[in-house]
J.: 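Before we start, here is the structure in question, set down as structure tokens.
Chain A is the first sequence line, chain B the second, and so forth, proteins listed ahead of strands; every chain is numbered from 1. This one's a predicted model, so the numbers in the text were calculated from it and none came from an experiment. Every heavy atom of this structure was used, including side-chain atoms; hydrogens, water molecules and symmetry mates were not.
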Amino acid sequence: MKSEELLKDLNPDQIKGVIETEGPVLVLAGAGSGKTRLLTYKLAYLVKVLGIPAYSIFATTFTNKAAGEMKARAERLVGGALKGMWIGTFHSLCGRILRIEAEALGLTPEFTIYDEDDSLRLVKQIMRELKLDNFKVSPRGVASYISSLKEKLITPEEFSAIAMKGFESEIVPVYKEYQAALQRSNAVDFDDMIMYVVYLFRQNEEIHHRWASRFQYILVDEFQDTNRAQYELVKLLSAVHRNVTVVGDDDQSIYGWRGAEIRNILNFPNDFQGTKIVKLEQNYRSTRRILEVANAIVKNNSMRHEKRLWCNSEDGSLPTLNIYQNEYEEGSGIVKIISRLINDNGVSPNNIAILYRTNAQSRIFEEELRRANIPYQVVGGISFYQRSEIKDMLAYLKLIVNPKDNLSFARIVNLPPRGVGKSSIQKLEKESASRGIPIFTLCREGQLDFLPHLAQSGIKNFVSLIEELKGKKDDVYVLLKELVEKTGYIKMLEEEAEPESEERIENIYELLSSAYAFSESHPEDRSVEGYLAEVSLLTSVDQWDPDSGRVSLMTVHSAKGLEFEYVFVAGLEHGLFPLAKAEFDNELLEEERRLFYVATTRCKRGLWYSYALTRRMHGNENFCKASQFLEEIPKELLNVEGGSCDFALQYERDADFPISVNSRVLHPFFGFGRVLEIRGRGKNAIVTVLFEKFGIKKLALAFTELEIV
DNA sequence: CCTCAAGTATTTTTT
DNA sequence: ATACTTGAGG
Ligand SMILES: Nc1ncnc2c1ncn2[C@@H]1O[C@H](COP(=O)(O)OP(=O)(O)OP(=O)(O)O)[C@@H](O)[C@H]1O
């Protein structure tokens, strides 16, 4: 095929990035400059113009949804199916490699993937066993510490050699035992999926060579958010052909807290000899006003690659900043604007998004949108597949395909109740560990006379149920349906008759329809294994429907890579966005600023910022001041409504009243006390304080000198 | 072994 | 404010 026809939708810089197929290529470019489009066209170019077979291409994107879209677009360009192309998230692609190479790693292809919640349970269990219950680092902290080690490819052995600080040496045995427990359960966690592939390639030259030869072209989107393990994987996979194209924007690196390293993108040319660098400088997404604001924001970061970003689009209107009295007014104010957009301007709810820093902020918007009868969808938070009733059902499936999965066993053996309580499970765990046999095998084959009779018969029934269902694992839907019936799980929910029971029952039916949909869409492989592999690695955005005709609500993190005509960025308050934790840490602060840049650049034409003067957090009312990021935007670039545009003044005033309910205060005459209530705001506020010596007093803040202690 | 109630920690973002 | 853990009693 003639390449001109394919390349006519690209600008000259993008074309350069596409046709530069041999050797390493780094595309470093700002938001909305067409990086993803470049990659999509490059896929099509490789196949259609160069005749490269699709199966020798390995491409990663940040979400499965992005992968699906990129593949579908590339197929449209090619005019045929891209069969056998490896495209997906790092995790799903590594999962596929692991299923094939499982044995070399001491796993079987049926291995289970543990999510964050599973691995936290495991860490808790291990810490209990190691008598570290009262360890100064919480199980959660230990779990995330272990995760950060894995992201850096540090094994338990290596860690034990470098663990210096007191608490680190205590984590060593937990990490060791955690890995051993995973191995015994024939399970991996998210971090293992990448780490194991890297280890395998490093240790086994034959296997490494086989995979690295297979993939002639490697393409990576959102490269600024790769961690060290992923970077190493890219190096290893491209070792034979050396054709690797990575695209990204250091200004959009927002996953540092998850191990992402910006230096991966900044140092790429050093590690990949002969890298050709492509820069894209034209933004096609946003109007000029929005782009000006975005550029003004990111200019304040010091650790960055300076990039030019210009646009040819219309000026558009100034982004608006709305200042609301409290978070409820912010909710109703934003929803009012949204309903005007929909009803008066004929905008489809599809094209509108509300973005926020934390998931907890979504609730108020949901309530207001429901009240206004505007359809919406929330992305992220606790996802469907993380709900406990769904995880219970999935644990059954996991145990059916992987009988070694001890964690899943412990989760469901007594759900519904079968007389197998906590202490029985603990005894089983002990016995299984000391004999080196999976718990399920022990139950099937071993003598269980160390358990109460009730537990023994309960386990017997449980084992035969699992054994019976095993025969049906070629079709998830059939199996799951029978599982729901035979376990009596729904009956259990009905009987417990709690307020949420009904919703949980509905969720079970919803799971059944998801399994049905999977069976329908994968007629060649309807297996439980395939279903689990898919649902275990869904990202939050994968569960989002871009064409649902609904307003989208999500965190800024989830919105990465997406675009909307109209965007609301809410809760721009000091301590919330940026989070309080980032206040005194410049690196964290710069990441928060990049997050704000990402939020801003999602918008094509209508942008509204907002913040609330007071907000209730963990139960008490807080006075808020504007996010410092708002102050960094030149005044003439914003249209400010509902308050003074003089932030400096506001900053000052609010700094005088950082008082919240429960604050301990010192009064020049009354002495120490605790704030019970705050009425009104700013200078007009009346605070009620319970003083230690003088009891309850009402004070007008304007006339009192209260000091926070 | 199970249930209920009081007490405690907790949420920043997610594969 | 809420979710989860822990302890007493059935
Ligand atoms: N050459 C082009 N001509 C016209 N429109 C383009 C061109 N390249 C990209 N676009 C459009 O610009 C928008 C942004 O493109 P794309 O998503 O590829 O950018 P990106 O650099 O990946 O953005 P981000 O960094 O924000 O994820 C899309 O709507 C895309 O269709």
J.: Salt bridge (Lys or Arg N to Asp or Glu O under 4.0 Å): which pairs involve residues 574-583 of chain A, sequence neighbours left out?
T.: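 Output for this query is empty, none listed.
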J.: Describe the nucleic acid contact of A:Lys560 in one word from base, sugar-phosphate, nothing, applying a heavy-atom distance below 4.0 Å.
T.: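 The residue A:Lys560 makes no contact with any strand.
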J.: Regarding A:Ser558, tell me which of base, sugar-phosphate or nothing describes its non-hydrogen contacts under 4.0 Å with the strands shown.
T.: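 Counting heavy atoms under 4.0 Å across all strands, the contact made by A:Ser558 is with sugar-phosphate only.
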J.: Among all residues two or more places apart in sequence or in another chain, which pass the side chain to side chain donor-acceptor pair (under 3.5 Å) test with A:Gln361?
T.: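 Partners of A:Gln361 by the side chain to side chain donor-acceptor pair (under 3.5 Å) criterion, ordered by chain and then number, come out as A:Thr358.
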J.: Indicate, with a heavy-atom threshold strictly under 4.0 Å, whether A:Arg594 touches base, sugar-phosphate, or nothing.
T.: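 Answer is nothing: A:Arg594 stays at 4.0 Å or more from every strand.
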J.: With the six-membered base ring of B:dT13 as reference, does the ring of A:Trp257 sit under 5.5 Å away with planes under 30° apart?
T.: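 Yes, A:Trp257 stacks on the base of B:dT13, since the ring centres sit under 5.5 Å apart and the planes are within 30°.
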J.: Going by the rule side chain to side chain donor-acceptor pair (under 3.5 Å), which residues pair with A:Glu329 if we only count those two or more places apart in sequence or in a different chain?
T.: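 If we apply the side chain to side chain donor-acceptor pair (under 3.5 Å) test to A:Glu329, skipping adjacent residues, there are no hits.
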J.: Let me know, please, whether A:His557 or A:Ser138 comes out on the 5' side of the other along DNA chain B by nearest nucleotide.
T.: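 Closest to the 5' end, via its nearest nucleotide, is A:Ser138.
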J.: Show me the protein contacts with nucleotides 1-3 of chain B, counting only N or O atoms at under 3.5 Å.
T.:
| from | atom 1 | to | atom 2 | distance (Å) |
| --- | --- | --- | --- | --- |
| B:dC1 | OP1 | A:Gly421 | N | 3.4 |
| B:dC1 | OP1 | A:Ser423 | OG | 3.3 |
| B:dC1 | OP1 | A:Ser424 | N | 3.3 |
| B:dC1 | OP1 | A:Ser424 | OG | 2.6 |
| B:dC1 | OP2 | A:Ser423 | OG | 2.8 |
| B:dC2 | OP1 | A:Asn414 | ND2 | 3.1 |
| B:dC2 | OP2 | A:Asn414 | ND2 | 3.4 |

J.: Mind checking what makes side-chain contact (heavy atoms from CB on, under 4.5 Å) contact with A:Arg99, not counting sequence neighbours?
T.: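 So A:Arg99 forms a side-chain contact (heavy atoms from CB on, under 4.5 Å) with A:Phe111, A:Ile113, A:Ala533.
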J.: Look at A:Lys35 together with A:Glu222 and state whether they make a salt bridge at an N to O cut-off of under 4.0 Å.
T.: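 Salt bridge absent between A:Lys35 and A:Glu222.
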J.: Using a cut-off of 4.0 Å on non-hydrogen atoms, how would the nucleic acid contact of A:Asn359 be classed: base, sugar-phosphate, or nothing?
T.: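 If one applies the 4.0 Å heavy-atom cut-off, A:Asn359 turns out to touch the sugar-phosphate alone, with no base involved.
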J.: From the options B:dT13, B:dT15, B:dT11, select the nucleotide whose nearest atom is closest to the side chain of A:Arg357.
T.: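 Side chain of A:Arg357 sits closest to B:dT13.
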J.: On a whole-Å scale, what distance lies between the C1' atoms belonging to C:dT5 and B:dT12?
T.: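 Pairwise C1' distance, C:dT5 against B:dT12, rounds to 23 Å.
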J.: Just to be sure I understand the rule, does A:Tyr255 reach a base, reach only the sugar-phosphate, or reach nothing, if contact means heavy atoms closer than 4.0 Å?
T.: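 It contacts sugar-phosphate atoms only.
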J.: Side chain of A:Thr89: nearest nucleotide among B:dT15, B:dT13, C:dT5?
T.: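 Comparing B:dT15, B:dT13, C:dT5 against the side chain of A:Thr89, the answer is B:dT15.
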J.: Which residues pass the side chain to side chain donor-acceptor pair (under 3.5 Å) test with A:Lys150, sequence neighbours left out?
T.: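 Only A:Gln179, A:Asp189, A:Asp192 meet the side chain to side chain donor-acceptor pair (under 3.5 Å) criterion with A:Lys150.
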